[in-house]
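These numbers were taken from a predicted model, which means no experiment stands behind them.
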Amino acid sequence: SKQLDPKVFKAIQNTIRAMKIDITEEEALDNWPLINEFFSKFGREPNLDSIDPFEKRLAESLCFLKNLTQSTK
């Protein structure tokens, strides 16, 4: 059987969470430059589990966009 490593598990978890996020495509796309800025500043993606609401919203936007691009393939 195939074992789930933490990276695969996290990807599955994020896909499920992305389906529950209440965000428009327009807002997610508007947040893209902010997501890039966040990554440049902190060297990591925004965290969905952050206590900072701004970081969490950026993470939700990123999740939404990743899910959107995967569903169009």
Worksheet item: Hey, does the side chain of E55 reach the backbone of N47 with a donor-acceptor pair shorter than 3.5 angstrom?
Response: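 Yes, the answer is positive, given that a donor and an acceptor are paired below the 3.5 Å cut-off.
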Worksheet item: In chain order, what residues pass the salt bridge (charged side-chain N to carboxylate O under 4.0 Å, His left out) check against E27, with sequence neighbours excluded?
Response: R57
Response to the item:
Test side-chain contact (heavy atoms from CB on, under 4.5 Å), reference E60, set I21, D22, L65, N31, output is I21
Practice prompt. Please lay out, stage by stage, how E45 and F38 fare under the test side chain to side chain contact (heavy atoms under 4.5 Å, CB included).
Written response: CA-CA 7 Å; E45 293 181 351; F38 184 94; over 6 Å; no
Discussion item. As an exercise, state the distance from CG of D30 to CD1 of I35, rounded to the nearest 0.5 Å.
Written reply: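 The distance works out to 10.5 Å.
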Worksheet item: At their closest point, which heavy atom of A28 faces which heavy atom of F64, and how far apart are they?
Response: CB-CD2, 3.6 Å
Worksheet item: Of the non-hydrogen atoms in L48 and A59, which two are nearest, and what is the gap between them?
Response: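 Taking L48 first and A59 second, the nearest heavy atoms are N-CB, 3.5 Å.
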Discussion item. With clusters defined by side-chain heavy atoms of hydrophobic residues (ILVMFWY) lying less than 4.5 Å apart, directly or transitively, does F39 cluster with L29?
Written reply: no
Worksheet item: Same cluster for I16 and V8 if Ile/Leu/Val/Met/Phe/Trp/Tyr side chains link at under 4.5 Å?
Response: yes
